[in-house]
Amino acid sequence: MSSDEKPDGRPAAPRSLAEALRARDDASLAALLRARPDLVTPVPTDLTQLATRAGTRASVVRALERLDRFALQTAEALAVAGDPASYDELLGLMAGDDGDAAVAAALPHAVGTLREQALVWGGDDRLRLVRTARELLSPSPQHPSPTGLGPTVQEATAGMSPGRIQELVAAAGLPSTHDAVSAAAALTALFTDRERMAKLLGQAPPEAREVLSRLVWGPPYGQVTADPAAHLRWLLDRGLLLPTAPGTVVLPREVALHLRGGRAHRETEPVPPPVEPAGPTGTRQGSPQVVDATAAGQAYTALATVEELLKDWDEGGPAVLRAGGLSVRDLKRTAVALDVSEPVAAFWVELAYAAGLLASDGEADERYAATPAHDEWRERPAADRWAELAGAWLAATRTAGLVGGRDAKDRTLAALGPGLDRSVAPEVRRRVLALLAALPAGTSPDPDSVLARLRWERPLRGPQQEDDLRSRLARWTLQEAELLGVTGRGALSSHGRALLGAPEPQAAGGTPGIPDTPGDKLPVHHRAAPAGAPAAGPVPPGPTDPQARAAARAAAARLLAPLLPEPLDHVLLQADLTAVAPGPLQRPLADVLDVLADVESKGGATVYRFTPASVRRALDAGRSASDLHAFLAAHSRTPVPQPLAYLIDDVARRHGHLRVGAASAYVRCDDDAVLNEILADKRSAALRLRRLAPTVLAAQADPAALLEGLRALGYAPAAESAEGDVVITRADARRTPPRTPPEPVPEGPPVPDATLLTAAVRAIRAGDLASTAPRKTPGTPPAPGELPRTSPAETLATVQAAVLTGEALWIGYVNADGAASQRVIAPVRVEGGFVTAYDHTADEVRTYPLHRITGVAELADD
């Protein structure tokens, strides 16, 4: 009979978490490493090290934070149960004496989740919560339990005198005992006996029962005076209240559980709250076609807004603050230019930054500007451009909603500045959209029900308040998805669903709010979860590898493309020096109009206005008057109005009449009367001009300031080069050096892929085989985890003998980096100070320097 079996042939109960892990199959170990990726970095050498790492405080805290509310409530109940506890005892704590069918149906899945995540181990007859989790969740005066329970009678009477304990036993009507331990046990037996306890409480004064009712659901501690009232004395004399410190009493756990009807929690939540549709009955579900059309319209607006932002920063945007980011003044100016509120402007700025379309130029006078990637992005089809923006938003950890808030040092958080990364943001965005995807197509959710669902799925994330981080991120996600066109009228669009990688929407008659979340299902040992049991926790939906996400973006673009309006190749010129674009314009036409005219209003149709300054801007860009006339005639469905033709000719006739170059700066003009007029104008005094020749004026201002000054006086000067040629100014002249988009800040270690999981499980199994293999060691055997120690001569002799006999050996080995490990090898040959052997741990032939082998031992015969 093996030591791992009971006399009846059944497997013996594991004595430690390491033994419980050793009994798992490879799929279960892989599921553990996937659920808790911090355990695989670096890969543990064996299962004992894996169990040790799984019990560290940081790892346990991270695992507890990722539990849903019911799984967490189950862990909290185990923390106040006996150690070990049976499944039936746990069920009694969760469902109470009267039972609860929903709790009974969901509990197997919760226990299976805790067991698979190595927070609970042992069979159903001996469930053990790992020690660190018990310490974190058990009640104590410094850290009250979420259950509201206090210490047990045994714990509360630990420092009490034997005489006082005997007094409590006698007052409760129990026979005296021989020692304090048995006296505490007698009190515990009384308090856990429902009939005897009911009889004892039936004798309590009404005021005493009122005191117990105030303490029963927690906190269990209260204050008493040195001379308590009669009803308090009655409770103290019978141990129903026990002193913990001078003036402080506590309600024992057993008494509280009796008063609660055996429940550890006032309310258990075995089923996640459903995501409810918004609006009154009859108006909850809209037309999917209307939702898609609305979302597509907003997607087009999003593209236009980002393009307008980048066009505004084409020639150099706002300066970068010393601490990084935009100043409040520049953000306000950007909001005015985009005709949006400041929080919305911060969102568009951060979105363009996340997509790699703008960055700082890195110059001494550092400013924000468009990147070279912006030019490539503009040339792509509109649907592809939207998919790139939406994909960047979905994966970004930078959170625009934090702009204007305060950091830990009470400094204002600026747009594009540091301190805006929140690693949980991508997960919350995906989860919110996944909840929307679970509703029938065209249905918008009630935002409060979305927040309630998220708080159920991650109850330990921040304080349980309406303004905790995850709730704020969820609200921002709903707002930003609408701005970006991922949703329309609050409902997820078809292209938004494709971007998420979500399955097709369920039928309208389905049950909304409880999605079958895609992801790996965790197996449940000993008890199977019933059909229809809710998932134990959220699995972030959608593709995770770059290729799958690129495919999802392409699918979203294909669905969006037919919904976007076709670009037009014409405008309608009007006599009031305006042009009306009845829809989006083709790229070349839009680029020329952006230079030739100013946007006066936006909406379904864009109105452009021609002004002397806008026409001069086109002439500065290298266009001639004849070019402009031909362009307008070719792209207008209406004749070119005479006032517009006159405006172009008049500005062109005066354009370049004055020439500005670098002296520091000079002005030259063939007409000396014009120069006389400039000198006589008092407004030109700031330029500090003086005549050098009849047709030349010199200035102490730089050429750029001189150009702006003369334009402010109503002239149309042109800049010229050192060779005397007119300098043509392009609108897209300023670009940053090539920049990569900001990398998202990951939330802890990344989830390992299937290849890494397979390799890690294999390495752990092999290392565990090496560390647990039976062996014969000369002298004193090493302690568990220690390397074998033998002299170099003994090592060489043992290895040479193994070559002859073909036996496997257990060795300790230290590599060149100083990392020690244990291995099982089958030596093949020994020569030149090296041993070549088949390494069972690595499952390959390797060569080891003999001087790095710390010791060697033969494996036992069995």
Side-chain angles (χ1 to χ4, degrees), residues 4 12-26 28-68 71-85 90 110-140 142-143 145-146 460 522-526 536-537 747-749 751-752 757 760-761 763-765 767-772 783-786 820-822:
D4 294 333
R15 294 169 296 178
S16 65
L17 177 59
E19 288 190 8
L21 295 178
R22 197 165 285 122
R24 293 190 180 192
D25 57 21
D26 290 351
S28 181
L29 283 180
L32 169 62
L33 298 179
R34 185 184 298 110
R36 298 176 64 177
D38 56 296
L39 300 181
V40 80
T41 309
V43 176
T45 58
D46 54 32
L47 288 169
T48 300
Q49 188 180 93
L50 175 63
T52 302
R53 191 178 297 174
T56 59
R57 183 181 181 89
S59 182
V60 169
V61 168
R62 179 179 291 274
L64 290 175
E65 286 180 343
R66 301 188 72 84
L67 294 176
D68 63 53
L72 181 61
Q73 287 182 328
T74 303
E76 292 166 352
L78 278 173
V80 298
D83 188 23
L90 174 62
V111 173
T113 299
L114 295 174
R115 186 182 277 122
E116 285 301 326
Q117 297 204 18
L119 295 172
V120 168
W121 57 277
D124 283 355
D125 57 339
R126 295 178 64 84
L127 293 172
R128 291 182 181 273
L129 193 65
V130 295
R131 181 181 302 175
T132 307
R134 179 173 288 274
E135 293 172 353
L136 290 169
L137 299 176
S138 293
S140 68
Q142 294 77 22
H143 303 285
S145 169
L460 280 186
L522 297 178
V524 180
H525 293 305
H526 305 288
E747 185 190 17
V751 177
L757 285 175
V761 170
I764 293 171
R765 289 285 192 202
D768 198 60
L769 173 64
S771 63
T772 59
E786 290 186 2
S821 61
Q822 304 175 54

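We number each residue from 1, following the sequence as shown. This one's a predicted model, so the numbers in the text were calculated from it and none came from an experiment.
- No side-chain N or O of Arg53 forms a donor-acceptor pair with one of Ser59 less than 3.5 Å apart.
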- Message: For a side chain to side chain contact (heavy atoms under 4.5 Å, CB included) check, start with the C-alpha distance between Leu21 and Ile764, then their side-chain angles and the critical distance, and finish with the verdict.
- Response: CA-CA 11 Å; Leu21 295 178; Ile764 293 171; over 6 Å; no
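- Atom-to-atom distance recorded for Leu67:CG and Glu65:CD is 10.0 Å, nearest 0.5 angstrom.
- We find the OG1-CG distance between Thr48 and Leu17 to be 10.0 Å, quoted to the nearest 0.5 Å.
- With values rounded to the nearest 0.5 angstrom, Leu29 atom CG is found 4.5 Å from Arg765 atom CZ.
- To the nearest 0.5 Å, atoms CG (Asp46) and CZ (Arg22) are separated by 7.5 Å.
- Taking all atoms of both residues into account, the shortest heavy-atom contact from Ala110 to Ala71 is CB-CA, 4.1 Å.
- One finds the CG atom of Leu137 at 6.0 Å from the CD atom of Glu76 (value rounded to the nearest 0.5 Å).
- Smallest separation of non-hydrogen atoms from Ala20 and Trp121: CB-CB, 3.9 Å.
- Heavy-atom minimum distance, Pro14 versus Gly122: CG-CA, 4.2 Å.
- Screening Val120, Val130, Asp83 for a side-chain contact (heavy atoms from CB on, under 4.5 Å) involving Leu78 leaves a single residue, Val120.
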- Run the side chain to side chain contact (heavy atoms under 4.5 Å, CB included) check on Leu50 and Leu47 step by step: do they pass? CA-CA 5 Å; Leu50 175 63; Leu47 288 169; 3.9 Å; yes
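- The two residues Glu116 and Ser28 make their nearest non-hydrogen contact at OE1-OG, 2.8 Å.
- A salt bridge is defined here as a Lys NZ or Arg NE, NH1 or NH2 lying under 4.0 Å from an Asp or Glu carboxylate O, and Arg115 with Asp124 meets this definition.
- Atoms CZ and CD, from Arg36 and Gln117 in turn, are 7.0 Å apart once rounded to the nearest 0.5 Å.
- In this structure, Glu19 and Arg15 approach most closely via the heavy-atom pair OE2-NH2, 2.7 Å.
- Contact of the Val40 side chain with the Arg34 side chain is not registered, since no non-hydrogen atoms from C-beta on lie closer than 4.5 Å.
- Summarising the geometry of Ala118 relative to Arg24, their closest heavy-atom pair is N-NH2, 4.0 Å, with the distance given to 0.1 Å.
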- Task: Assess whether side chain to side chain contact (heavy atoms under 4.5 Å, CB included) is satisfied between Thr132 and Thr56, documenting all intermediate values.
- Result: CA-CA 7 Å; Thr132 307; Thr56 59; over 6 Å; no
